[in-house]
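Along the sequence shown, the residues carry numbers beginning at 1.
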Amino acid sequence: MVTNVQPAVLTIAGTDSSGGAGIQADLKTFTAHNCYGTSVVVAMTAQNTTGVQAVHSVPPEFIEQQLRSVLDDIDIKAMKTGMLFDAKSIRTVVGMLRSFYLKDGMSLPPLVCDPVCVSTSGHTLLQSDALDVLISELLPLTFLLTPNKSEAELILSSRNLEPSSITDLEGMLVAAEKLLTLGPKNILLKGGHLTVTYQQVLEFKKARPDVRLVSSSLYGENMEILQVSEENLLSHGIVVDALQNAEGATLYLRPRIDSTSTHGTGCTLAAALTCELSRGRSVYEATARATEYTHQGIETAVPIGKGFGPLNHMHSLTVRCIPKPTASNPHPLIRLLLQSTASIWKEYVEHEFVKQLGKGTLLKECFLHFVKQDYLYLRYYARAYGLLVAKSTSFAAIKSATDTIINIVNEVATHKSFCAKWGISEEELLATPESPSTTAYGAYIIDCGIQGDAAKLTMAAAACLLGYGEVGLWLQKESQKPGTWVVIEGNPYAPWIEDYSGEHYQNAVKVGIATIETIAARDPPSPARFEEWRSVWERCTMLEKGFWDMALNLL
């Protein structure tokens with residue numbers, strides 16, 4: 001059971017006098033995750049962002065005293081090991097853990113082992129005689145082993161296990177499977193030193209359909225509007241962390257970050273995993289959360305020191321329902337809204353009405369009924385933006401809402417000319433009775449405008465603006481696939497597709513996205529306010545889907 005109570009966690013590792021790695025980084029990470037951090041010092045280092053200048057080991061007797069002091073008094077929910085330095089220190093740690101936990105039916109709390117061997121600058125942090133002891137005595141007690149590429153290769157070669165070199169995704173999984181034979185229940189092979197392309201990931205997934213992919217930092221289904229509005233993340237290298245256990249493999253994907261703020265990344269990730277496991281989370285969710293925390297720590301770091309600086313361990317301390325915009329996620333609010341309503345959003349974007357429209361098989365009477373109702377709906381939509389003008393607190397906001405009203409008026413003119421081509425006069429448009437779906441949708445956004453603030457009304461109007469943009473891009477994307485089902489040439493509805501996938505409308509979508517994100521960035525919502533926004537977005541998405549339903553059923 002997952003708990004939000006502040007759990008006590010333990011780090012058994014070395015220090016870092018510069019504060020970016022080791023026990024100092026672990027304690028910062030524990031604090032950022034609202035865990036109570038305890039520590040046992042195995043070695044002390046003189047180091048900074050340029051490297052390790054010296055290491056001083058702690059006598060085994062004092063390591064044992066520290067462990068006893070902590071374990072006798074505090075209920076540790078999870079623990080991690082970092083730099084253990086030599087064989088004597090490892091044996092002391094293993095002996096204490098066995099004597100304290102593995103008796104009278106007790107079990108060891110989840111143990112995350114970060115097998116720190118060599119520093120980034122090349123300084124040896126694990127003595128040569130200690131590796132065998134770590135493998136034979138500590139790994140069998142380990143719940144989750146977190147080696148990087150070099151550490152995995154070193155451990156495997158010491159046991160004459162292939163591969164001697166990890167060069168691709170298949171090699172990562174082979175290595176992880178072999179590491180499992182050494183005793184840990186789970187292996188998280190970190191991929192920071194191995195970059196792949198997104199296409200390589202997709203090809204690998206096709207060859208290995210049993211492997212799960214987790215990619216919250218990348219694009220999911222029906223996120224074309226983000227890809228159009230952002231620098232293409234998929235053109236960058238992808239970093240893959242591979243989680244392997246008896247149930248199979250899961251790959252965690254994220255964009256590679258070009259940064260020098262990477263000092264202590266391994267320590268930070270292992271500490272974050274410890275915190276997540278201490279709350280009772282599954283190893284899968286713990287890994288997803290910990291890797292995202294570490295990714296954000298690198299991306300939001302401020303340069304410190306003359307070499308490889310530390311991560312920003314405190315980036316998550318500000319209570320934010322919506323992350324700050326970053327280079328790899330410049331539109332966090334829209335991404336959250338799309339992810340939180342993915343099911344209904346998919347039903348809306350890929351609705352049968354849209355598919356028939358793309359095929360050109362949609363009955364004429366269905367389309368004409370839709371066009372007439374859409375014309376009537378635009379009156380509500382223009383009024384809603386009129387309310388937004390009244391609620392705006394700056395001239396820039398007033399201008400933005402006014403410009404939208406002008407765009408709607410222009411869209412109405414387009415509607416009239418489009419309808420004229422189908423034999424529908426303006427008089428017929430005005431005489432058309434409103435469908436219940438039209439009235440329900442229009443009344444809802446007006447109600448949001450009356451009883452809500454400018455932000456809530458903006459959210460209510462967003463589903464229409466962004467939704468049509470996504471539909472247009474989806475049909476356009478499908479039309480470009482080999483053997484596509486979308487018909488453009490000879491399709492009577494092709495102008496509709498071209499309008500909403502075209503530059504003019506997509507520019508309006510980009511402006512809408514920027515407006516919404518600016519609201520969230522300038523005035524970050526509380527959890528309750530964000531839920532209100534999300535609820536409004538979901539309701540309007542459902543009402544948009546209802547509009548398609550109405551068109552097919554001629555309500």
**Asked** Does any donor atom in the side chain of T45 or D16 lie under 3.5 Å from an acceptor atom in the other side chain?
**Response** no
**Item:** side-chain contact (heavy atoms from CB on, under 4.5 Å) assessment of L194 paired with V239
**Value:** CA-CA 7 Å; L194 180 67; V239 173; over 6 Å; no
**Asked** Do the charged groups of R159 and D132 touch, with an N to O distance under 4.0 Å?
**Response** yes
**Asked** Which is it for S229 and H331 under the side chain to side chain donor-acceptor pair (under 3.5 Å) test, yes or no, and what are the steps along the way?
**Response** CA-CA 9 Å; S229 300; H331 304 113; 5.4 Å; no
**Prompt:** Between T300 and N312, what is the shortest heavy-atom contact and its length?
**Reply:** OG1-ND2, 3.1 Å
**Message:** Could you check whether K28 pairs with D26 (Lys NZ or Arg NE/NH1/NH2 to Asp/Glu carboxylate O, under 4.0 Å)?
**Reply:** no
**Asked** Going by an N to O cut-off under 4.0 Å, is there a salt bridge joining K205 and D210?
**Response** no
**Prompt:** Checking side-chain contact (heavy atoms from CB on, under 4.5 Å) for the pair R279/N34: CA distance, chi angles, key distance, verdict?
**Reply:** CA-CA 11 Å; R279 287 198 157 83; N34 194 31; 3.7 Å; yes
**Message:** With heavy-atom distances below 4.5 Å as the criterion, would you say the side chains of V201 and V240 are in contact?
**Reply:** yes
**Item:** Smallest separation among heavy atoms of P255 and S328, with atom names
**Value:** CG-CB, 4.2 Å
**Request:** Determine whether K456 and V536 make a side-chain contact, defined as any pair of heavy atoms from C-beta on separated by less than 4.5 Å.
**Result:** yes
**Prompt:** Tell me, do L97 and M79 make a side-chain contact under 4.5 Å, heavy atoms counted?
**Reply:** yes
**Prompt:** Which distance, rounded to the nearest 0.5 Å, do you find between the OG1 of T146 and the CG of D114?
**Reply:** 4.0 Å
**Asked** If you take all heavy atoms of Q53 and Q47, which pair is closest and at what distance?
**Response** OE1-CA, 3.2 Å
**Message:** Please report the interatomic distance CD(E350) to CG(N222), rounded to the nearest 0.5 Å.
**Reply:** 4.5 Å
**Message:** Which residue in the set I23, V93, L111 passes side chain to side chain contact (heavy atoms under 4.5 Å, CB included) when paired with I12?
**Reply:** V93
**Prompt:** Under a 4.0 Å N-O cut-off, is there an ion pair linking E531 with R534?
**Reply:** yes
**Message:** When you measure from the centre of the six-membered ring of Y284, is the NZ or CZ of R212 closer than 6.0 Å and no more than 45° off the axis?
**Reply:** yes
**Message:** Between D241 and T287, does the side-chain contact (heavy atoms from CB on, under 4.5 Å) criterion hold? Intermediate values first, please.
**Reply:** CA-CA 9 Å; D241 295 320; T287 302; 5.7 Å; no
**Request:** Of all the heavy-atom pairs spanning A130 and F85, show the shortest one and how long it is.
**Result:** CB-O, 4.0 Å
**Asked** Around atom CZ of F100, are there more than 12 heavy atoms of other residues, nucleotides or ligands at under 6.0 Å?
**Response** yes
**Prompt:** Is there a donor-acceptor pair under 3.5 Å between the side chain of E224 and the backbone N or O of L473?
**Reply:** no
**Message:** Counting only heavy atoms not in K149 (residues, nucleotides, ligands), do more than 12 fall under 6.0 Å from its NZ?
**Reply:** yes
**Message:** With a 4.5 Å cut-off on side-chain heavy atoms, are I76 and L71 touching?
**Reply:** yes
**Prompt:** Can you list the steps and then say if F30 with C275 is a side-chain contact (heavy atoms from CB on, under 4.5 Å)?
**Reply:** CA-CA 6 Å; F30 292 166; C275 293; 3.4 Å; yes
**Asked** Just wondering, do L154 and L131 contact through their side chains at under 4.5 Å, heavy atoms?
**Response** yes
**Prompt:** Are the side chains of R91 and P60 in touch, meaning some heavy atoms are under 4.5 Å apart?
**Reply:** no
**Message:** With a 4.5 Å cut-off on side-chain heavy atoms, are N186 and Q244 touching?
**Reply:** no
**Message:** For the CG atom of L189 and the CG atom of L243, what is their distance to the nearest 0.5 Å?
**Reply:** 10.5 Å
**Taking every non-hydrogen atom, the tightest pair across T274 and A78** = O-CB, 3.4 Å
**Item:** Side chain to side chain, I322 and P525, heavy atoms closer than 4.5 Å
**Value:** yes
**Prompt:** CD/E276 to OG1/T291 distance, rounded to the nearest 0.5 angstrom?
**Reply:** 9.5 Å
**Asked** Is it the case that N48 and T50 place a side-chain donor and acceptor less than 3.5 Å from each other?
**Response** yes
**Prompt:** At what distance, to the nearest 0.5 angstrom, does CG of L188 lie from NZ of K190?
**Reply:** 7.5 Å
**Asked** Could you give the distance from CG (N329) to CZ (R335), rounded to the nearest 0.5 Å?
**Response** 4.0 Å
**Prompt:** Is any side-chain N of the basic residue among R208 and E170 closer than 4.0 Å to the acidic one's carboxylate O?
**Reply:** yes
**Message:** Quick one about Q296 and E292 (side-chain donor to acceptor, distance below 3.5 Å, no hydrogens or angles considered), yes or no?
**Reply:** yes
**Message:** Taking the ring centre of each residue, are F530 and W533 less than 6.0 Å apart?
**Reply:** no
**Prompt:** Quick check: does any side chain N or O of T341 sit under 3.5 Å from a backbone N or O of I344, one acting as donor and the other as acceptor?
**Reply:** no
**Request:** Could you check D75 against K77 for salt bridge (charged side-chain N to carboxylate O under 4.0 Å, His left out), going step by step and ending with a plain yes or no?
**Result:** CA-CA 6 Å; D75 181 17; K77 297 299 184 183; 2.9 Å; yes
**Asked** With no hydrogens and no angle check, do the side chains of S150 and H193 hold a donor and an acceptor under 3.5 Å apart?
**Response** no
**Prompt:** With the threshold set at 4.0 Å, does a side-chain nitrogen-carboxylate oxygen contact exist between D73 and R68?
**Reply:** no
**Request:** Answer yes or no: does atom CE of M542 have more than 12 heavy-atom neighbours from other residues, nucleotides or ligands under 6.0 Å?
**Result:** no
**Asked** How far apart are the closest heavy atoms of A455 and I519, and which atoms are they?
**Response** CB-CG2, 3.8 Å
